[in-house]
Amino acid sequence: MRVKRRIWATAAVATTAVAGVLVFQGVTGTSDVPDGAGATSGPARTEVHHDALKVSDDGSTASLRRDSTEPFSMLGVTWTDPSARVKGTVEARTRSLPGGDWSAWLPIDTEVDGRTEAGRPGVRGTTEPRWVGLSDGVEVRVSAGKDTSAGLPAGLRLDTVDPGGVTGAAPIAYAVDATDEPSADPTEVPSEPAGTPPAEPTGPADAETTEPATEEPDPGASVDPTPSTDPGGTTSPSPSAESPSPTAEPTATLPPPLPSTAPKPPIVTRAGWNADESLNDESPDYMDTVKAVFVHHTAQTNAYSCADSAAIVRGLHAYHVQSNGWKDLGYNFVVDKCGTVFEGRKGGVDRAVLGAHTYGFNRETAGIAVIGLYTDASAATAATTAVARIAAWKLGQYGVSPSGTATLTAGAAGDNYAGKKFTAGTAYSFSAVSGHRDGFNTQCPGTRLYGQLPTIRGYAAGPVAGLTVTSVTGAALSGSTYYTKADITVGWSATTPAAFVTKFELLVDGKSVASTAGSASSAKATLGVGSHTVQVRATHQSGKTSLSAAATVVADRTAPVFSTKPSLSLRTGTVGTTAVPLTLRWKGADAVRLRDVRLTSPVARTYGPTTTSASHTAKSGVATSWKMTAYDLAGNSAAASVAGTPVILQESSAKRSGTWTTKSSSSYLGGRSYSSGTKNASLTWTFTGRSVAWVVSRASTSGQAYVYVDGVKAATLDLKSSTTAYRQAVWTKSWPASAKHTVKIVVAGTKGRPTLTTDGLVHLR
């Protein structure tokens, strides 16, 4: 037997500010509302279908399969007695639209207590509703589990919900209550959004007849006439103490909304998600205070588009009212994974509205449900940020710190996920931000989201956590100290989202030199010469402040110097016409800290601050300028240079005495060299320069030679080598300045190996 009820909900979506309601179109982020994330811009049609399950003869299983159904996107299983439980499993699989593929079997959570809003006529036991996406076929199976003696609860039925407006292509316009100011008449409860169904549906709805629910009674939907143990702690006829009788229409006696110590986040109103207010026309129930919030997860899937979030909220609303028999959506607020916050139970988001979310602890609390399944996956930062913002604002209305505790009186006997027992009428301590599992025996809000509650409390209560200086642009870091010569830009980061930060301040030596918005991540400062302590101070929306660790920044505007000017000298090594070996020397210094010295011409090299020389080569006969720049850590610089021309003097240009033989080979400079074994034979060169090198060929038979400079013996050289080597500069001498000099080479006449071979002289001018 199927009972169907079709409801029309007209969206009260505006494009301008009206009566304290703001409309946001295409706004993203946790502080605003994402584009395309929910309600359609036209009427939203909601349909709920009820199908009785077929129970097996032994009462241990129940099932239903329908290969063709009216389109739906949410489903759940309910039964007659709200106090009864399915101790086994409930599973379903669905056929998707438009693809026609059947899903895998999906587990349906049975950890819901139908007595959450007990005492009302028609309240039913229920599973958690599951969002499955647009579907037109369904199969469900229920098992009593290992203990079949208890059997399954009576009146099992499958409820499928078409919330209307799913996967709409048009951009979404949300009606968002985003102001902390009360309405023009603060004594009045905000009126219910437009949504009374038209007497005669038009358009596509005309093609199908709508049947009132009373024409075909729902199997198992009878009212239990016996009193229920209500979550308020008493046994009485309905309505219960937890769910008091409907109040009279709010009047001017209702006090104005309380201001909060925390900013109010943007909230999609019931009009914004196209709530069908004809589903429940009872007045809301109000409490005196909110001492704690309970965090939940719902819809049992993370595989949804945030464009469908408003449809999911409409589905929850319809399921809670038409399937569970509750007076309204159970949660006070619903948050999607993109961080959009939706108004839940009506009565005014800024009021203490009694919800139906945590069995035994609905009073003096608010329920916040995150759309998703968080048993294995963590909630996105956008969602946890939104939960923290709602918690801070709602608790802030009643002077409760989100990091504190609250004393709540149990409205019913029960236990929680950790095995703690509750006795009706007894007071218990809870965290001001608690998980559903803290007050009821359920995994909700999932192990991973539950594990994020300390983070949510920290976000909401402050101070700003994880504050650290991440960069000092315009300065160089050496060790733990920064050096700069000009303005700096200090960058920072924090683990607390920007939505909770009132402002950041840049402190220099303990004094604020720049103030930015909480969304900023950097600020500029100009420093005087000297060493400074730089920090960032963050102010949380609660007023609490936190400081980053200090960074030391030294401001230095004095350029470094070359305490030893660059100079060139010849060095030993293999000589070629294109590569005469040279040594470049210098010494840089700085009053604060030298960073490096860079050679920029004729080649590019960078040397550390303690390096004072380097080996290079230069072309013979070519004047070359060697340009250098010294840098300190602050970026100040000083330049210096030296120029030099290496000149090769062939042996044939020397003045000879004694016997010398000419030798030819491509291995010699110029293709020729002189060789002599005559004792006291000599070669003399006269030149003008600042450095000189004698070039020879070496072998195992090479002898010794005497070197005279300007008539004075300067060295005795043994040219013997185990390996033959050509064009070797074996001796050098340098002077501070260029001048005229004479170098004389004399054959020593070494016994057994008197011969030496000379390949010329090189000097630097």
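- In this structure, the separation between NZ on Lys337 and NE2 on His297 is 15.0 Å, given to the nearest 0.5 Å.
- In this model, a donor atom of one side chain and an acceptor atom of the other lie less than 3.5 Å apart for Ser569 and Arg585.
- Listed for the Ser691 side chain is no donor-acceptor partner under 3.5 Å among the backbone atoms of Leu764.
- The shortest non-hydrogen separation linking Pro265 to Ile390 is CG-CD1, 3.7 Å.
- The line from OG of Ser431 to CD1 of Ile456 is 12.0 Å long, rounded to the nearest 0.5 Å.
- In this structure the side chain of Val597 never reaches within 4.5 angstrom of the side chain of Lys587, judged on heavy atoms.
- The closest donor-acceptor contact from the side chain of Arg727 to the backbone of Thr574 lies at 3.5 Å or more, if one exists at all.
- Ring geometry for His436 against His296 counts as tilted: the plane angle lies between 30° and 60°, on a 0 to 90° scale.
- Inter-residue side-chain proximity for Val554 and Thr481 is flagged as met; some heavy-atom pair is nearer than 4.5 Å.
- Checked by atom type and distance alone, the side chain of Ser548 pairs as donor or acceptor with a backbone atom of Val536 at under 3.5 Å.
- The side-chain heavy atoms of His741 and Val692, taken from C-beta on, include no pair separated by under 4.5 Å.
- Not one N or O on the side chain of Arg448 forms a donor-acceptor pair closer than 3.5 Å with the backbone of Thr375.
- In this structure, Arg598 is positioned above the aromatic face of Tyr631, its NZ or CZ under 6.0 Å from the six-membered ring centre and within 45° of the axis.
- Between Asp759 and Tyr726, every side-chain heavy-atom pair lies at or beyond the 4.5 Å cut-off.
- Going from atom OG1 of Thr473 over to atom OH of Tyr482 covers 9.0 Å, rounded to the nearest 0.5 Å.
- No donor-acceptor distance shorter than 3.5 angstrom exists from the side chain of Lys394 to the backbone of Thr365, with no hydrogens or angles considered.
- In terms of modelled atom types and a separation under 3.5 Å, the side chain of Gln535 and the main chain of Leu547 share no donor-acceptor contact.
- Judged purely by atom type and a 3.5 angstrom limit, Gln397 uses its side chain to pair as donor or acceptor with the backbone of Asp350.
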* Would you sort out whether Thr301 and Leu373 count as a side-chain contact (heavy atoms from CB on, under 4.5 Å), showing the intermediate values? => CA-CA 5 Å; Thr301 179; Leu373 181 66; 5.7 Å; no

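- Once rounded to the nearest 0.5 Å, the distance linking OG1 of Thr489 with NZ of Lys524 reads 5.0 Å.
- The distance from atom CD1 of Ile368 to atom CZ of Arg389, rounded to the nearest 0.5 Å, is 12.5 Å.
- Under a 3.5 Å cut-off, the side chain of Arg690 and the backbone N or O of Trp735 do not form any donor-acceptor pair.
- Using modelled atom types and a 3.5 Å distance limit, the side chains of Tyr450 and Asp438 yield a donor-acceptor pair.
- Side-chain atoms of Thr496 come within 3.5 Å of backbone atoms of Ala465 as a donor-acceptor pair (strictly under, hydrogens ignored).
- Between Pro602 and Trp626, the shortest heavy-atom distance links the atoms CD-CE3, 3.3 Å.
- Side chain of Ser721 to main chain of Thr723: a donor-acceptor pair is present (N/O by atom type, distance under 3.5 Å, no hydrogens or angles).
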* Could you go through the side-chain contact (heavy atoms from CB on, under 4.5 Å) check for Val295 and Leu449 one step at a time? => CA-CA 9 Å; Val295 178; Leu449 178 53; 4.1 Å; yes

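- Here the closest heavy-atom approach between residue Asp596 and residue Tyr607 is recorded as CB-O, 3.1 Å.
- Other residues, nucleotides and ligands contribute more than 12 heavy atoms inside 6.0 Å of the CZ atom of Arg557.
- Here the side chains of Leu599 and Trp586 are not in contact, with every heavy-atom distance at 4.5 Å or above.
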* To do: Before giving the answer on side-chain contact (heavy atoms from CB on, under 4.5 Å), spell out for Val575 and Leu669 the whole-Å C-alpha distance, their side-chain angles and the decisive distance to 0.1 Å.
  => CA-CA 8 Å; Val575 177; Leu669 288 172; 4.3 Å; yes

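- Here the side chains of Ile312 and Phe342 are not in contact, with every heavy-atom distance at 4.5 Å or above.
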* Show your working on side-chain contact (heavy atoms from CB on, under 4.5 Å) between Val642 and Leu584 and close with a plain yes or no. => CA-CA 9 Å; Val642 61; Leu584 176 65; 3.9 Å; yes

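- Taking each heavy atom of Ser613 and Thr583 in turn, the nearest pair found is CB-CG2, 4.4 Å.
- Under the 4.5 Å side-chain criterion, counting only non-hydrogen atoms from C-beta, Ser738 is in contact with Thr688.
- What you find for Asn636 and Thr558 is that their closest heavy atoms are ND2-O, 3.5 Å.
- Using modelled atom types and a 3.5 Å distance limit, the side chains of Ser512 and Glu505 yield a donor-acceptor pair.
- Of all the heavy atoms in Ala693 and Leu570, the pair that sits closest is N-CD1, 3.7 Å.
- How far CZ of Arg537 is from CG of Leu467: 11.0 Å, rounded to the nearest 0.5 Å.
- A heavy-atom distance below 4.5 Å is not found between the side chains of Thr340 and Ser309.
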